[in-house]
Amino acid sequence: QVQLVESGGGSVPAGGSLRLSCAASGRTFSSYTMGWFRQAPGKERDVVAKITRSGAGTYYADSVKGRFTISRDNAKNTVYLQMNSLKPEDTAVYYCAARVDYGMGVGQYDYNYWGQGTQVTVSS
């Protein structure tokens, strides 16, 4: 089992940047595929980005391609989400999640462990 704690959320104007971090407990962090998801009020929780166990493979939702970058440091048990050129529609609670099985999975139901979420608000 792994526990996840996100940090780095906040309020920024459109065009600004934020870097989210997700620290994982335990010694098996490198055995999990990691993902960032977000949920806006009244909407479903959607995938933002995913990264393989080694960090060699990544996936991005079309809405964030070219603006967001997911990375991980297995020595620090941490996954990051660098968010640039933020837009008001990026406003949401952002969650990191860990997947036990091989592969990146598809949506939220393919991930087993979740953090508590961190709020990101982008003003126009």
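Residue indices begin at 1 and follow the sequence shown.
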Margin query: Using side-chain heavy atoms (C-beta onward) and a distance below 4.5 Å, is Glu6 in contact with Cys96?
Written below: yes
Notebook entry, point to check: Side chain of Lys50, backbone of Met34: donor and acceptor closer than 3.5 Å?
Noted result: no
Check: Side-chain contact, heavy-atom cut-off 4.5 Å: Arg19 with Tyr80?
Finding: yes
Note to self: Does Gln3 have more than 12 heavy atoms from other residues, nucleotides or ligands lying within 6.0 Å of its CD?
What the structure shows: no
Notebook entry, point to check: Is there a donor-acceptor pair closer than 3.5 Å between any side-chain N or O of Arg99 and the backbone N or O of Asp110?
Noted result: yes
Notebook entry, point to check: Is it true that Leu4 and Leu18 fall in one hydrophobic cluster, defined by side-chain heavy atoms closer than 4.5 Å?
Noted result: yes
Next item on the list: Compare every heavy atom of Gly103 with every heavy atom of Thr33, then report the nearest pair and how far apart it is.
Entry: OG1-O, 3.2 Å
Margin query: Membership question, hydrophobic clusters at under 4.5 Å side-chain separation (ILVMFWY): are Met83 and Tyr95 in the same one?
Written below: no
Notebook entry, point to check: What pair of heavy atoms forms the shortest contact from Ser124 to Pro88, and how long is it?
Noted result: CB-CG, 3.8 Å
Margin query: Could you check whether any side-chain N or O of Thr121 sits under 3.5 Å from a backbone N or O of Ser11, counting only pairs where one atom can act as donor and the other as acceptor?
Written below: no
Notebook entry, point to check: Which distance, rounded to the nearest 0.5 Å, do you find between the CG of Asp101 and the CE of Met104?
Noted result: 14.5 Å
Check: Could you state the interatomic distance from CZ (Arg72) to OG (Ser30), rounded to the nearest 0.5 Å?
Finding: 7.0 Å
Notebook entry, point to check: Are side-chain heavy atoms of Leu20 and Val79 found at a separation under 4.5 Å?
Noted result: no
Check: Is a side-chain N or O of Thr78 found less than 3.5 angstrom from the main chain of Asp73, in a donor-acceptor match?
Finding: no
Item checked: Pairs where residues 34-43 contributes a residue and the test side chain to side chain donor-acceptor pair (under 3.5 Å) is met, not counting sequence neighbours -> Arg38-Ser63, Arg38-Asp90, Arg38-Tyr94, Gln39-Arg45
Item checked: Ile70 reachable from Val2 in the ILVMFWY side-chain graph, under 4.5 Å edges -> yes
Checklist line | Counterpart residues, side chain to side chain donor-acceptor pair (under 3.5 Å), relative to Asn112 (two or more places apart) | finding: none
Notebook entry, point to check: Taking atom types as modelled and ignoring hydrogens, do the side chains of Asn84 and Ser17 form a donor-acceptor contact shorter than 3.5 angstrom?
Noted result: yes
Check: Pairs in or reaching into residues 98-124: which pass ring pair (Phe, Tyr, Trp, His ring centres under 6.0 Å), with residues at least two apart or in two chains?
Finding: Phe37-Tyr111, Phe37-Trp114
Next item on the list: Indicate yes or no for a side-chain donor-acceptor contact from Asn74 to the backbone of Arg53 under 3.5 Å, with no hydrogens or angles considered.
Entry: yes
Notebook entry, point to check: Where the side chain of Thr91 meets the backbone of Val122, is there a donor-acceptor pair that is under 3.5 Å apart?
Noted result: yes
Check: Hey, does Val48 have a side-chain heavy atom less than 4.5 Å from the side chain of Leu81?
Finding: yes
Check: How close do Thr69 and Tyr60 get, heavy atom to heavy atom, and via which atoms?
Finding: CA-OH, 3.3 Å
Check: Taking C-beta and beyond as the side chain, do Tyr59 and Val47 meet within less than 4.5 Å on heavy atoms?
Finding: yes
